[in-house]
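These notes are about the structure you will find just below.
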Amino acid sequence: MLRSFHRSRRPTHHVGTLLQRITMTNQKPSAELVEHRSKLRHSAAHVLAEVVLDMFPEAQLTIGPPTQDGFYYDFAVGTPFTPEDLKKIERQMRKSIGRNHPFIEREVSRAEAAEIVKDNRFKLEILEGIPEGETVTFCSHGDFEDLCRGGHVESTGQIKAVKLLTTSGAYWRGDEKNPMLQRIYGTAWESKEAQQEYIDRLAEADRRDHRKLGPQLGLFFFDPLSPASPFYLPKGTHIFNSLVNFVKDLYATYGYQEVMTPLIYNTELWKMSGHYEAYHEHMFTMEVDEREFGVKPMNCPPAMMVYKSDLRSYRDLPIRWADFSRLHRYELSGATHGLIRTRAFTQDDAHIFCTREQIGSEVKGFIDMLVKAYKIFGFDEVRFALSLRPEKRIGSDELWDEAEETLENLLSEFGIEYVRMSGEGAFYGPKIDVFVPDAIGREWQLGTVQLDFNQPDRFGLEYVAEDGSRQRPAMIHRAMLGSIERFMGVWIEHIAGAFPVWIAPVQAVVVPITDRHNDYCHDVGKILGRAGVRIEVDDSSDRMNAKIRKAQLQKVPYMLVVGDREQEAGEVSVRLRSGDDLGSMPIASVESRIAEEVANFK
RNA sequence: GCCUCGGUGGCGCAGUGGCUAGCGCAGCCGACUUGUAAUCGGCAGGUCGGGAGUUCGAAUCUCCCCCGAGGCUCCA
């Protein structure tokens, strides 16, 4: 029951947004700079509030904290802000900053504070939330004053660069039961250059967006008739299958077997597994023959069924069953995002049934496989998090102690640093989640390994132990790439769509300079094609330059240019997509070069 | 689900009450025969997301619906 990567969330807890996902990793800023930026952005939020209040006197102030790369402020206003409003507000903010007012904090008694904010229910609520012992402070600059815990730069003039980005609705306290406020997002920096760098990074993220690259590279598309569900074109299907085959090859080494299970089940199964109560709103259900059926959102209940299809001996354990079934989950329309969060997807899912004693080596084996695999995809840095027991959970504390300790010991044994995330575990057990930063510093959660002592209980799984007694196996849910869709999306952005030679849908394009070279080029195509190279011959009526441009835009690794010289010598001129010209070489050299790269996952 | 912004040929866009709705790319046809990121010319391609309304007249104004994008954790 792998839940971590397509897990159900309340509407207020969606997948990290573009802005939030982007963090600085290239040049790690010093602690002082981080502190300064935080103050700067908090200060910018004050200036924003000042201007908004000036332009919209009826607006009520709520909160305005700094964030990773900027700040926001939530306002209670009658009508939402328009993009034009944003521009005006930004201009006014610059004026206010130009006046270089100092930020002045003053302590205020509780009664006085309550009097000042008496017409603002949000501020009153904040005031009530301040613990008795703490002092209440207000902070002002110019004529503007706001209830504030402090933490500003000295004066508005220190905000050297500021830009308002977007506006959106946001619930008070993030709870959809509360009234909706209007949020303005902005960013602020210590210098114009730092801000420009940030803007450039946003543009770079946009350039790498897999939702744009996918159709451009002929990989996949979406259609409203099957919302949030990818259609794979031949090239995308090639990538998908290659990823699956890559995993299957590893499975051969690591002792996994593969099973295939049905897509649709009678609701009875989902009642047994607990999904019917806990997951029903995320399932596609249908009525057939006056009975209710559900399309599976997870593979674990079928795995239980497979296990129960025969009497199992301790000699059979551990059992590792992979299941690449397509899964369908109903995700809220606002929560879906390209391949990252879909309603139809495939996990490189597997369930391991084993004895308590075997848990350690199984988890270790999985992490070992995962780290090696990630390196191949260019994710050298891997961060681990140990997600511990959530409040709402099942099973005894002893069992949780045991499970958490097992995972924790393994991480230590592996010499792996990790973050403990309390309350983040699955309801049936703790898990180790794997995060990777991509090429432009955004962090993604991909793999996961989860210990489950509960599901085997619900399904009454057993094995016959050495002494003839019936014992309950433990179950490990694990996925390495996570969902193939999600992985593909993340990886495309990581490599900006330039697939390595081993997996590129088209590895080489032969470029005839004039059409009198076409025949020879087709010969080259046949020779390399027979050698296993995925190759195309561009015999269109375009000029050579245009053919090269087309191949470049398709991010084809090799361009083999042929003119009179090459044809006479029986060679090809090799251009790489990096722009490097390797000069003319025999066809056999190209073949061996590509073969070597494929063998080494280059 | 909720807030904001959008939906115009395959794709990217222009067009805010008035002639046959434009442009670029892609596509098709033809000419050119070219040394490492766009050759030239021609042709074809659109119920302006859908529905209803206002109007002599709607891509353009009003209402409803559908779809998409961005946002809805980071608490004075």
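Here the structure is a predicted model, which means the values were calculated and not measured. We name chains A, B, ... by the order of the sequence lines, and we start the count at 1 in each one.
- Partner assigned to B:C63 is B:G51, using Watson-Crick or G-U wobble distances below 3.5 angstrom.
- Annotation for A:Lys163: atom NZ does not count as buried by contact number, only 12 or fewer foreign heavy atoms lying within 6.0 Å.
- One interatomic measurement links the two molecules: CG of A:Asp519 to P of B:U33, which rounds to 19 Å at whole-angstrom precision.
- Using a 4.0 Å heavy-atom distance criterion, A:Thr135 is classed as a base contact.
- Near RNA chain B, meaning a heavy atom under 4.0 Å away, there are no residues from residues 50-61 of chain A.
- Residues A:Ile492 and A:Leu219 form a side-chain contact, since some pair of their non-hydrogen atoms from C-beta on lies under 4.5 Å apart.
- Under the 30°/60° scheme for interplanar angles, the aromatic rings of A:His210 and A:Phe220 are found to be tilted.
- To the nearest angstrom, C1' of B:C72 lies 16 Å from CG of A:Leu165.
- Of all nucleotides present, only B:C23 satisfies the Watson-Crick or G-U wobble test against B:G12, with each distance under 3.5 Å.
- Atom OH in A:Tyr171 sits about 18 Å away from atom C1' in B:C75, given to the nearest Å.
- For A:Asp581, the CG atom is densely surrounded, since the number of other residues' heavy atoms within 6.0 Å is greater than 12.
- Taking for each of A:Arg183 and A:His46 the nucleotide of RNA chain B with the nearest heavy atom, the 5'-most of the two is the partner of A:Arg183.
- Across all strands shown, B:A31 forms a Watson-Crick or G-U wobble pair with B:U39, both key distances being under 3.5 Å.
- Among the atoms of the strands shown, only primed sugar atoms or phosphate atoms (P, OP1, OP2) are found under 4.0 Å from some heavy atom of A:Ile63.
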Quick one: which protein N/O atoms are closer than 3.5 Å to N/O atoms of nucleotides 67-69 of chain B? Pair and distance per line, please.
residue: B:A69; atom: O3'; partner: A:Arg211; partner atom: NH1; Å: 3.1

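- If you look at A:Phe56 and A:Phe75, their ring centroids are not closer than 6.0 Å.
- Remark: A:Ser578 pairs with A:Asp580 by the side chain to side chain donor-acceptor pair (under 3.5 Å) rule, at least two apart or across chains.
- Comparing the P positions of B:A21 and B:C3 gives a spacing of 37 Å, expressed to the nearest Å.
- Among residue pairs with one or both ends in residues 548-568 of chain A, none qualify as ring-ring contact (aromatic ring centres under 6.0 Å, His included); sequence neighbours excluded.
- B:C5 is paired with B:G68 under the Watson-Crick or G-U wobble criterion, all donor-acceptor distances under 3.5 Å.
- Atom NE2 in A:His282 sits roughly 11 Å away from atom C1' in B:G1 (whole-Å rounding).
- In this structure, A:Val136 reaches the bases: a heavy-atom distance under 4.0 Å links it to at least one base atom across the strands shown.
- In this structure, the side chain to side chain donor-acceptor pair (under 3.5 Å) partners of A:Ser584, at least two apart in sequence or on a different chain, are A:Glu571.
- Residue pairs meeting the ring-ring contact (aromatic ring centres under 6.0 Å, His included) criterion with at least one partner in residues 113-139 of chain A, sequence neighbours excluded, are A:Phe122-A:Trp172.
- Within the 4.0 Å cut-off from OP1 or OP2 of B:C72, at least one side-chain nitrogen or oxygen of A:Tyr185 is found.
- With both ends at atom C1', the span from B:G46 to B:A59 equals 11 Å, rounded to whole Å.
- Between the NE2 atom of A:His42 and the P atom of B:C74 there is a distance of 14 Å, rounded to whole Å.
- By the side chain to side chain donor-acceptor pair (under 3.5 Å) test, A:Gln552 is found to be paired with A:Arg575, residues two or more places apart in sequence or in another chain being considered.
- With sequence neighbours excluded, the residues forming a salt bridge (Lys or Arg N to Asp or Glu O under 4.0 Å) with A:Glu125 are A:Arg121, A:Arg173, listed by chain and number.
- When the P atom is compared between B:A26 and B:C40, the two are found 10 Å apart, to the nearest whole Å.
- Distance noted for atom P between B:U33 and B:U39: 15 Å (whole Å).
- Using a 4.0 Å heavy-atom distance criterion, A:Thr137 is classed as a base contact.
- In this structure, B:G57 forms no base pair with any nucleotide, since neither Watson-Crick nor G-U wobble geometry is met with both distances under 3.5 Å.
- With both ends at atom P, the span from B:G9 to B:A14 equals 13 Å, rounded to whole Å.
- For B:A44, there is no paired base (Watson-Crick or G-U wobble, both distances below 3.5 Å).
- Between the CG atom of A:Asp69 and the P atom of B:C74 there is a distance of 16 Å, rounded to whole Å.
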Restricting both atoms to N or O, compile the protein contacts to nucleotides 4-11 of chain B shorter than 3.5 Å, with distance only.
none

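- Ring pair A:Trp189/A:Tyr198 is tilted by interplanar angle, where 30° to 60° counts as tilted.
- Checking each of A:His517, A:Lys547, A:His522 against A:Asp539 for a side chain to side chain donor-acceptor pair (under 3.5 Å) leaves exactly one that passes, namely A:His522.
- On the C1' atoms, B:A37 is 15 Å away from B:C25, given to the nearest whole Å.
- Put simply, CD on A:Gln554 is 12 Å from C1' on B:A26, counting in whole angstrom units.
- With sequence neighbours left out, the salt bridge (Lys or Arg N to Asp or Glu O under 4.0 Å) criterion links A:Asp146 to A:Lys123.
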What does nucleotides 34-42 of chain B look like as a protein-contact string, B for base, S for sugar-phosphate only, - for none, at under 4.0 angstrom between heavy atoms? BBBBBB---
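- When the C1' atom of B:G70 is taken as reference, atom CZ of A:Arg341 falls 16 Å away, rounded to whole Å.
- Distance check on atom P: B:G15 versus B:G70 gives 23 Å, rounded to whole Å.
- Partners of A:Ser573 under the side chain to side chain donor-acceptor pair (under 3.5 Å) rule, at least two apart in sequence or in another chain, are A:Glu566.
- Side-chain contact of A:Glu50 with A:Ser96: a donor-acceptor pair under 3.5 Å is present, judged by distance alone.
- Of the inter-residue distances, the one linking A:Arg41 atom CZ with A:Ser43 atom OG reads 11.5 Å to the nearest 0.5 angstrom.
- Between A:Tyr72 and B:C72 there is no side-chain polar atom (N or O) within less than 4.0 angstrom of OP1 or OP2.
- Of the C1' atoms belonging to B:A44 and B:G30, the separation is 14 Å, rounded to the nearest Å.
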